[in-house]
2 protein chains.
Amino acid sequence: MQEQPRITEAEWEVMRVIWEQEPVTARDIVDALEPVKEWSEPTVKTLLNRLVRKGVLEFSVEGKRYRYSARFSRESCVRAEGLSFVDRVFDGSTTPLLAHFLKESKLSERDIRELKKLLRDKEADR
Amino acid sequence: MQEQPRITEAEWEVMRVIWEQEPVTARDIVDALEPVKEWSEPTVKTLLNRLVRKGVLEFSVEGKRYRYSARFSRESCVRAEGLSFVDRVFDGSTTPLLAHFLKESKLSERDIRELKKLLRDKEADR
DNA sequence: CCCTTCTGATTACAGACGTAATCATAACTA
DNA sequence: TAGTTATGATTACGTCTGTAATCAGAAGGG
């Protein structure tokens, strides 16, 4: 499998829609982004083109239009981006990162329960 | 206080050194980065210049050289970068982010204890 | 059959970025 | 005092990014 290409900030916006609705037409993407970003249609098309050229997206031809889908799972892209982030900002160590976001965030009762459970699981398989 | 400018990937490398040793000369930075990055001296100087122009760094003149220091704390830059990251990749919600990094990371006994404590604190002040 | 329209492709373009060579100037050394 | 050296400034330059206008071809409407 190919090296994970970098996804830029604007491209993430497009990918979000794709992962939610793939395989999806350019039209659908433009519509889905309409309320969120003030992008002209050509702008979205350009992003799609770049993502295809980078190998992040593929498409199947359907009549005169394309249906785009991702060649990498969201999970794998999240993992790559997460690694780059923790390297850049936390010097590669996850614990300070966790501590940071724990402090920053407001968590619901349920969130806390879930995270506690994850911690317990973590403890279990050591 | 001024808007937090964006810090690029290469710039973070420089900032790491600055926050550790500020106020610091260009020479020190070049030396500190020597083992880590294969950057020529002019490259580092350029990054310093850009950071100054962006308002992230300031310097005091000391004889023929400058001593650089940060105009923003590491914490505040980490916070800004963290916000941008959680928005981009986790659609703004911290809990999935925490879950993700919890699963990804291998934690020591001590790490787990620390995180549990943070969770308890979180619970306390709800 | 011609005109509009939809859709992807091509081109554009300014600013950011990574990386660095070169320049000017002051200081140090022989 | 002239040449070397250290240091910041200026210039360079290809690529990436964000944002978009324009183009070409196909398809549908009259």
Side-chain angles (χ1 to χ4, degrees), chain A residues 3-18 23-34 36-69 77 80-81 84-85 87-89, chain B residues 3-18 23-34 36-69 77 80-81 84-85 87-89:
Chain A
E3 183 67 23
Q4 190 102 71
R6 285 237 175 165
I7 297 176
T8 74
E9 189 155 348
E11 289 166 355
W12 268 96
E13 215 71 46
V14 171
M15 291 308 292
R16 181 195 321 292
V17 178
I18 294 194
V24 68
T25 69
R27 181 98 301 272
D28 297 336
I29 299 175
V30 171
D31 290 347
L33 290 177
E34 177 80 77
V36 190
K37 310 289 293 183
E38 278 165 7
W39 283 343
S40 76
E41 179 158 339
T43 297
V44 176
K45 300 280 183 75
T46 298
L47 292 174
L48 285 172
N49 256 314
R50 287 183 186 163
L51 285 165
V52 169
R53 205 174 324 139
K54 283 192 198 177
V56 178
L57 293 183
E58 62 193 355
F59 58 83
S60 56
V61 182
E62 184 189 81
K64 65 192 271 189
R65 58 173 83 138
Y66 291 178
R67 273 197 181 272
Y68 296 89
S69 31
C77 291
E81 192 74 18
S84 136
F85 175 74
D87 279 351
R88 181 162 21 108
V89 178
Chain B
E3 184 67 21
Q4 190 104 71
R6 286 240 174 160
I7 297 176
T8 74
E9 188 155 347
E11 289 166 357
W12 268 95
E13 215 73 45
V14 171
M15 292 307 291
R16 183 199 316 294
V17 178
I18 295 193
V24 68
T25 70
R27 181 97 300 273
D28 297 336
I29 298 175
V30 171
D31 290 346
L33 290 177
E34 177 79 76
V36 190
K37 307 291 290 181
E38 279 165 7
W39 283 342
S40 76
E41 179 157 339
T43 298
V44 176
K45 299 282 183 72
T46 299
L47 292 172
L48 286 172
N49 256 313
R50 287 184 186 162
L51 285 165
V52 169
R53 206 173 325 138
K54 283 192 199 178
V56 179
L57 294 184
E58 62 193 355
F59 58 83
S60 56
V61 181
E62 183 191 78
K64 66 192 272 188
R65 60 173 82 141
Y66 291 177
R67 274 197 179 273
Y68 296 89
S69 31
C77 291
E81 192 73 18
S84 137
F85 174 74
D87 278 351
R88 181 162 21 108
V89 178

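Chain letters run A, B, ... following the sequence lines, proteins first and then strands; every chain starts at 1.
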Student: Do the side-chain N or O atoms of A:Arg50 get closer than 4.0 angstrom to the phosphate oxygens (OP1, OP2) of D:dT17?
Tutor: no
Student: Using a 3.5 Å distance criterion without hydrogens, assess whether the side chain of B:Lys54 forms a donor-acceptor pair with backbone atoms of B:Arg6.
Tutor: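 Yes, because the side chain of B:Lys54 sits within donor-acceptor range (under 3.5 Å) of the backbone of B:Arg6.
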Student: Need one value for B:Glu13: base, sugar-phosphate or nothing, where a base atom within 4.0 Å counts as base even if backbone is also close, heavy atoms only.
Tutor: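 Contact class for B:Glu13: none.
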Student: Mapping B:Arg53 and B:Thr25 to their closest nucleotides on DNA chain D, which lands nearer the 5' end?
Tutor: B:Thr25
Student: Which of the following nucleotides, D:dT7, D:dA26, D:dA20, is nearest to the side chain of A:Lys64?
Tutor: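 Shortest atom-to-atom distance from the side chain points to D:dA26.
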Student: Would you mind reading off the bend of the helix from C:dC1-D:dG30 to C:dA30-D:dT1 from its two end axes, five pairs each, to 10 degrees?
Tutor: 20°
Student: I'd like to know if the side chain of A:Glu11 and the backbone of A:Thr8 have a donor-acceptor N/O pair within less than 3.5 Å.
Tutor: yes
Student: Within a strict 4.5 Å, meaning less than it, do heavy atoms of the A:Glu81 and A:Trp12 side chains meet?
Tutor: yes
Student: Roughly how many Å is it from NZ in B:Lys45 to P in D:dA6, rounded to a whole number?
Tutor: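 Roughly 11 Å, once rounded to whole Å.
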Student: Among A:Ile7, A:Val44, A:Val36, exactly one meets side-chain contact (heavy atoms from CB on, under 4.5 Å) together with A:Glu13. Which residue is that?
Tutor: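 Between A:Glu13 and the candidates, side-chain contact (heavy atoms from CB on, under 4.5 Å) is satisfied uniquely by A:Val36.
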Student: Within the 4.0 Å heavy-atom criterion, would you say B:Thr46 contacts the bases, only the backbone, or no part of the nucleic acid?
Tutor: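 The answer is base, as B:Thr46 lies within the cut-off (heavy atoms under 4.0 Å) of a base atom.
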Student: Under 4.5 Å between any side-chain heavy atoms of B:Tyr68 and B:Leu48, yes or no?
Tutor: yes
Student: OP1 or OP2 of D:dT17 versus the side-chain N and O atoms of A:Lys54: is any pair under 4.0 Å?
Tutor: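 Yes, because at least one side-chain N or O of A:Lys54 sits under 4.0 Å from OP1 or OP2 of D:dT17.
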Student: Take the protein atom CD of A:Glu41 and the nucleotide atom P of D:dT22, then report the distance between them rounded to whole Å.
Tutor: 15 Å
Student: Any side-chain N or O of A:Thr8 below 4.0 angstrom from OP1/OP2 of D:dG18?
Tutor: yes
Student: Under 4.0 Å, heavy atoms only, any strand: does B:Ser40 hit a base, just the sugar-phosphate, or nothing?
Tutor: sugar-phosphate
Student: Among A:Thr43, A:Leu47, A:Val14, whose side-chain contact (heavy atoms from CB on, under 4.5 Å) with A:Leu33 holds?
Tutor: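 The side-chain contact (heavy atoms from CB on, under 4.5 Å) with A:Leu33 is passed solely by A:Val14 among A:Thr43, A:Leu47, A:Val14.
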Student: Whether A:Glu41 and A:Arg27 form a salt bridge (side-chain N of Lys/Arg under 4.0 Å from carboxylate O of Asp/Glu) is what I want to check.
Tutor: yes
Student: How about A:Arg50 and A:Val56: do any of their side-chain heavy atoms sit closer than 4.5 Å?
Tutor: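 They are not in contact (no side-chain heavy atoms under 4.5 Å apart), so the answer is no.
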Student: Look at the side chain of A:Arg6 and the base of D:dT15, then say whether one donor and one acceptor between them are separated by less than 3.5 Å.
Tutor: no
Student: Between A:Arg67 and A:Glu58, is there a side-chain N and carboxylate O pair less than 4.0 Å apart?
Tutor: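 Here A:Arg67 does not pair with A:Glu58 in a salt bridge, since their nearest N and O are not under 4.0 Å apart.
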Student: Please figure out whether B:Phe59 or A:Thr43 has its closest DNA chain D nucleotide nearer the 5' end.
Tutor: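 The 5'-side residue here is B:Phe59.
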Student: Quick one: how far along DNA chain C does chain A reach, first to last nucleotide 5' to 3', anything under 4.0 Å to a heavy atom?
Tutor: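 Span of nucleotides near chain A: C:dC6 to C:dA12.
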Student: In whole angstrom, give the distance that lies between atom CG of A:Leu51 and atom C1' of D:dC16.
Tutor: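 That distance rounds to 13 Å.
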